[in-house]
Amino acid sequence: MRGYTSGAEGRETALAGVATAVLDAEGTVLDWSQTAAELLDRRAEDVCGRPLRGCLWSPAPVPARRPVR
């Protein structure tokens with residue numbers, strides 16, 4: 001696999017620029033990468049400790065967009 005590095009010393013390098021989230025068995029976010037924060041506009045401080053589902057999906061309806069002509 002290209003870009004993969006085994007061993008603890010290579011883990012940070014292998015995941016540089018990749019959006020990652022570490023979850024426990026219940027789906028609670030334990031770790032949130034800087035790239036994930038930038039991509040999804042959610043800071044680690046706001047996401048860690050919460051269920052992933054509640055961090056990515058809003059229960060509020062999304063307004064319909066006007067069709068493009």
task: Using the test side chain to side chain contact (heavy atoms under 4.5 Å, CB included), find all partners of Leu40 that sit at least two apart in sequence or belong to another chain.
output: Trp32, Arg42, Leu56
- request: Hey, could you give me the CG/CG distance between Asp31 and Asp24, rounded to the nearest 0.5 Å?
  value: 12.5 Å
- line: Those residues at least two apart in sequence (or on a different chain) that pass salt bridge (Lys or Arg N to Asp or Glu O under 4.0 Å) with Asp46 are Arg43
field: Counterpart residues, side chain to side chain contact (heavy atoms under 4.5 Å, CB included), relative to Asp41 (two or more places apart)
entry: none
message: Between Leu30 and Val47, is there shared hydrophobic-cluster membership here, with clusters defined by ILVMFWY side-chain heavy atoms closer than 4.5 Å?
response: no
task: Kindly work out whether a path of hydrophobic side-chain contacts (I/L/V/M/F/W/Y, heavy atoms less than 4.5 Å apart) joins Val18 to Val22.
output: no
- prompt: Got a donor-acceptor contact below 3.5 angstrom from the Ser33 side chain to the Thr20 backbone?
  reply: yes
